[in-house]
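Written below as structure tokens is the structure these notes are about.
Small disclaimer: the values here were computed from a predicted structure and weren't measured.
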Amino acid sequence: MIVYDSDPQINERIRRAVRYGQTRWAEIWLSLIAVGVGLILLGPTETFSNSDFRVIACVIDERPAGGLCMFFGCVRLGALWINGRRGRETSIIRTIGCIGGFLFWLAIAFGMVLAVPPLSTGIAVYTVLAMAELHASGRAAGDMAAEDSLGIRRRRRRDARSHTNPAA
């Protein structure tokens with residue numbers, strides 16, 4: 001069993017908070033959606049020719065958008081796989097991935113809002129995906145804090161020991 005903290009009570013709280021699957025499955029699905037969107041954008045059809053995407057097409061071409069979706073979706077899947085195996089190293093990547101996913105899906109929803117009329121169901125779908133990413137980012141950041149990925153608790157303890165024991 002992984003020991004997160006030397007204090008048994010804190011360790012048990014952290015262990016319960018960091019169980020595999022709390023939000024990682026949501027992150028896995030969101031990453032797979034990004035990979036799927038990337039595959040479609042890299043496919044032979046011109047997806048951005050649809051009027052819903054006309055504002056987005058002014059900002060980025062279909063191929064680079066598809067490549068970015070594929071790249072970041074795969075990076076997140078890799079980080080989630082490593083995080084499920086090891087822990088501390090990838091909670092930061094998970095958090096950054098969720099925040100990036102939030103901004104990505106929100107940008108697509110916003111682009112579709114700017115393209116109205118016609119009103120698109122994509123606005124609702126991409127907004128919900130953005131909110132799911134936002135929720136997952138909070139949970140990933142919680143894992144990051146519980147695992148002390150940035151070493152904040154470790155530094156505080158070290159500083160507290162050095163203040164109480166000047167000889168140390």
side-chain contact (heavy atoms from CB on, under 4.5 Å) involving Asp61 - partner list, sequence neighbours excluded
Pro64
Heavy-atom closest pair, residues Arg54 and Pro118:
NH1-CD, 4.4 Å
side-chain hydrogen bond (donor to acceptor under 3.5 Å, both in side chains) filter on Arg157, not counting sequence neighbours, yields Asp5
Beyond-backbone contact of Ser31 with Leu80, side-chain heavy atoms, under 4.5 angstrom
yes
For residues 109-123, which residue pairs qualify under salt bridge (charged side-chain N to carboxylate O under 4.0 Å, His left out), counting only residues two or more places apart or in two chains?
none
Residue pairs involving residues 36-51 (criterion side-chain hydrogen bond (donor to acceptor under 3.5 Å, both in side chains); sequence neighbours excluded)
Thr47-Glu62
Which residue pairs pass the salt bridge (charged side-chain N to carboxylate O under 4.0 Å, His left out) test with at least one member in residues 68-83, sequence neighbours excluded?
Arg76-Glu133
Taking the hydrophobic residues Ile, Leu, Val, Met, Phe, Trp and Tyr, and joining any pair whose side-chain heavy atoms are under 4.5 Å apart, which ones share a cluster with Phe110?
Val55, Leu114
Separation between CE (Met70) and CG (Leu42), nearest 0.5 Å, reads 6.5 Å
Under a side-chain separation threshold of 4.5 Å, the hydrophobic residues clustered together with Ile56 are Leu30, Ile33, Val37, Leu41, Phe48, Phe53, Ile60, Leu68, Phe71, Phe72, Val75, Phe104, Trp105, Ile108, Met112, Val113, Val116, Leu119, Ile123, Val125, Tyr126, Leu129
Which atom pair, heavy atoms only, marks the closest approach of Ile28 to Leu77?
O-CD2, 4.0 Å
With sequence neighbours left out, what residues match Arg155 under side-chain contact (heavy atoms from CB on, under 4.5 Å)?
Ile152, Arg158
Which atom pair, heavy atoms only, marks the closest approach of Ala140 to Glu27?
CB-OE2, 4.1 Å
With sequence neighbours left out, write down each residue that passes side-chain hydrogen bond (donor to acceptor under 3.5 Å, both in side chains) with Ser120, or none if nothing qualifies.
Asp52
Which residues end up grouped with Met131 if you chain together Ile, Leu, Val, Met, Phe, Trp and Tyr wherever their side-chain heavy atoms are less than 4.5 Å apart?
Ile99, Phe102, Leu103, Leu106, Leu134
Please name all residues satisfying side-chain contact (heavy atoms from CB on, under 4.5 Å) with Met144, sequence neighbours left out, ordered by chain then number.
Ser91, Ile92, Thr95, Ser149, Leu150
